[in-house]
Amino acid sequence: ALIRTRTVALNVTELSTWPTRPSRYVLNDWTRMNETAFEALAARDQASVWHPYSGIDSGMPVFPVVSASGVRLRLADGRELIDGMASWWCMIHGYNHPILNRAIEAQLQDMAHVMFGGLTHPPAVQLAEKLIEITPPGLDLVFFADSGSVAVEVALKMAIQYWHSQGKSEKRRFVSLRNGYHGDTLHAMSVCDPVTGMHALFSNVLPQQFFVPAPGAGFEGGADSADIEALEKLLAEHAGEIAALILEPVVQGAGGMRFYSPDYLRAARELCDRYHVLLIADEIATGFGRSGKLFACEHAAIAPDILCLGKALTGGYMTMAATLATRAIGAVISSGDPGVFMHGPTFMANPMACAVSLASIDLLLTSDWQANVERIERGLHTGLAGCASMPHVADVRVLGAIGVVELTQPVDMKAVQPMFVEQGVWVRPFGRLVYLMPPFVMDDVDLATLTAVVTAVVGCLVVDGECCTPES
């Protein structure tokens, strides 16, 4: 009775009128930029800002964004771009959603932040309960974190401390899949593929982990017995020193955008049980509907021992992640030395992030999100099919709201990125991959435009040495 909870009602009128097409924006000083001011801001950025996966003198263009609504980004020079990336896969409801905006505004009236050590608050408790309710069964404890990489670090620490608390401190190494990607912080890097995971530079300082071949069978096929045998052989030989197997269920993200058979995931769960190794599922990219299931583990009907969530957790509004674990893991850690789990981010369970996460989950679950993802899947299949016959395209694949065009050589980003912007879409390729992960609210017209531009731009590329570059 002493705790006042705040809820955000789902307004049907708001949902039916949002997003508007074309998007409308409120002008401010940033949106009145002329060409000179636009170029000046880009120059100031280059002088003082270090962007992700970039060198300071790389010459890569950056495009100032001043507002966003629905599925559109508005640049400072007035151009609008259809966003095919959902801002690195997290903006599942699109931008500037009235319900999510109101959730943050309402929470801000009570408190923006409070430390989580020795204190709690309604949004954190409600969010933990909601996550336990909707995730695979048996995950009964929620540890909040700042970002996806930190959620992975937390999961790895939990696994190590779980075995340490049982007097098995030798079980401190991990098994990961080739082509896996789990983040850019130090221990997370150690379980990324040493080649495709972008962290080969740090190989001499990272903990040395075990790697097994990436599952060869695609999503629709059964698991390759050789892949399962390789995993079993490694576990049989090294289970005494392995804390956990960590994998991205069914969809491998930044390590290659690969889809694999749910049968492999089922077999991995069985092998972990047989050899007394924990299973960590990294669903930071796939959680909250991206693969066509609410969580990708559902494709195999399995539950991990530890689950990592992030990205779409807040609907893309704030940085926030969560690591879920079984009560058995929590009990063992709490009964061993030192009796506590030694991790505590400053902004753990930020109230505004918790509030908008609750609103985002409710918005997702009260929408027809599965039908939307299926619709997007059909649109991606149809719209990207034309790329399959191009000589420099190695593969075209689609699963849920994920579309991938894999080239035979890496993309010349400096030349190709502006081509997408000039055609009115935002697509950010990496390596050999031109891929789409649109917001779930994207309509068929925008999706057709997006895939048509991808097909046109990819069609303009040729292999020049070791990269794909625009034909001169």
Side-chain angles (χ1 to χ4, degrees), residues 3 114-166 168 171 174 182-183 187-188 243-247 249 269 272-273 276-284 286-288 294-298 302-314 319-351 353-355 357-358 360-361:
I3 298 179
V114 65
M115 67 181 287
F116 208 54
L119 300 173
T120 193
H121 51 80
V125 175
Q126 292 167 356
L127 179 57
E129 291 172 341
K130 177 64 72 173
L131 291 175
I132 291 168
E133 175 189 341
I134 65 175
T135 53
L139 299 166
D140 297 327
L141 297 171
V142 180
F143 192 96
F144 293 111
D146 309 73
S147 67
S149 292
V150 176
V152 169
E153 294 281 351
V154 167
L156 300 178
K157 288 176 66 175
M158 280 182 179
I160 290 173
Q161 194 168 341
Y162 171 77
W163 294 112
H164 175 84
S165 296
Q166 299 178 74
K168 298 180 180 179
K171 287 174 71 71
F174 295 90
H182 300 284
H187 220 116
L245 164 65
I246 182 169
L247 49 70
R269 172 71 276 182
C272 286
D273 290 340
H276 306 290
V277 167
L278 297 178
L279 176 62
I280 301 171
D282 178 352
E283 290 232 30
I284 290 161
T286 53
F288 305 100
L294 192 59
F295 298 98
C297 284
E298 295 174 19
I302 65 103
D305 302 295
I306 301 174
L307 175 69
C308 301
L309 301 175
K311 289 194 181 294
L313 174 59
T314 68
T319 180
M320 175 78 163
T323 304
L324 284 77
T326 64
R327 186 162 298 279
I329 289 176
V332 168
I333 289 175
S334 299
S335 64
D337 182 33
V340 296
F341 181 58
M342 295 302 296
H343 201 93
T346 300
F347 290 97
M348 182 176 181
N350 172 265
C354 290
S357 295
L358 280 164
S360 176
I361 293 170

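Quick caveat, the model's predicted, so the values are computed rather than measured. Side chains are part of it too, since the values below use all heavy atoms of this structure and drop only hydrogens, waters and symmetry mates.
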Out of curiosity, [X] [atom1] to [Y] [atom2], how far, rounded to the nearest 0.5 Å?
X    : Y    : atom1 : atom2 : result
L313 : S147 : CG    : OG    : 12.0 Å
C308 : L156 : SG    : CG    : 7.5 Å
H121 : M115 : NE2   : CE    : 11.5 Å
L127 : I361 : CG    : CD1   : 5.5 Å
M158 : D305 : CE    : CG    : 12.0 Å
I306 : L141 : CD1   : CG    : 11.0 Å

With sequence neighbours excluded, what pairs up with [X] under the side-chain hydrogen bond (donor to acceptor under 3.5 Å, both in side chains) test?
X    : answer
H276 : none
S360 : H93
S357 : none
E153 : T185

For D140, what residues pass the salt bridge (Lys or Arg N to Asp or Glu O under 4.0 Å) criterion, not counting sequence neighbours?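 Here no residue qualifies.
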Salt bridge (Lys or Arg N to Asp or Glu O under 4.0 Å) involving K171 - partner list, sequence neighbours excluded: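 Counting only residues at least two positions away or on another chain, K171 forms no salt bridge (Lys or Arg N to Asp or Glu O under 4.0 Å).
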Nearest non-hydrogen partners of [X] and [Y], listed with the distance:
X    : Y    : result
Q161 : I333 : NE2-CG2, 3.4 Å
F174 : A159 : CE2-CB, 3.8 Å
D282 : I284 : OD1-N, 3.1 Å
C297 : P304 : SG-CD, 4.0 Å
A244 : I280 : CB-CD1, 3.8 Å

List the atom pairs, with distances to 0.1 Å, where a side-chain N or O of residues 320-329 and a protein N or O form a donor-acceptor pair under 3.5 Å, not counting sequence neighbours.
residue: T323; atom: OG1; partner: A151; partner atom: O; Å: 2.9
residue: T326; atom: OG1; partner: I329; partner atom: N; Å: 3.2

For E129, enumerate each residue passing the side-chain contact (heavy atoms from CB on, under 4.5 Å) test, keeping only those at least two apart in sequence or located in another chain.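 Counting only residues at least two positions away or on another chain, E129 forms a side-chain contact (heavy atoms from CB on, under 4.5 Å) with V125.
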Among residues at least two apart in sequence or on other chains, which ones pass side-chain contact (heavy atoms from CB on, under 4.5 Å) with S334?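 If we apply the side-chain contact (heavy atoms from CB on, under 4.5 Å) test to S334, skipping adjacent residues, there are no hits.
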Report all side-chain donor-acceptor pairs from residues 336-350 shorter than 3.5 Å, counting only partners two or more places apart or in another chain.
residue: H343; atom: ND1; partner: K157; partner atom: NZ; Å: 3.0
residue: N350; atom: OD1; partner: M352; partner atom: N; Å: 3.1
residue: N350; atom: OD1; partner: A353; partner atom: N; Å: 2.9
residue: N350; atom: ND2; partner: A112; partner atom: O; Å: 3.0
residue: N350; atom: ND2; partner: H113; partner atom: ND1; Å: 3.2

For the residue pair L131 and L139, establish whether any side-chain heavy-atom pair is separated by less than 4.5 Å.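 In short, these two side chains do not touch, never coming nearer than 4.5 Å.
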Just to verify, what does F288 make a ring pair (Phe, Tyr, Trp, His ring centres under 6.0 Å) with, not counting sequence neighbours?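 Partners of F288 under the ring pair (Phe, Tyr, Trp, His ring centres under 6.0 Å) test: F295.
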F144: ring pair (Phe, Tyr, Trp, His ring centres under 6.0 Å) partners, not counting sequence neighbours: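 F144 satisfies ring pair (Phe, Tyr, Trp, His ring centres under 6.0 Å) with no other residue.
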So, the side chain of E283 versus the backbone of L307: is there a donor-acceptor pair under 3.5 Å, distance only?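 Checked: no pair found.
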Evaluate side-chain contact (heavy atoms from CB on, under 4.5 Å) for L279 paired with D273, printing each intermediate quantity in order. CA-CA 9 Å; L279 176 62; D273 290 340; over 6 Å; no
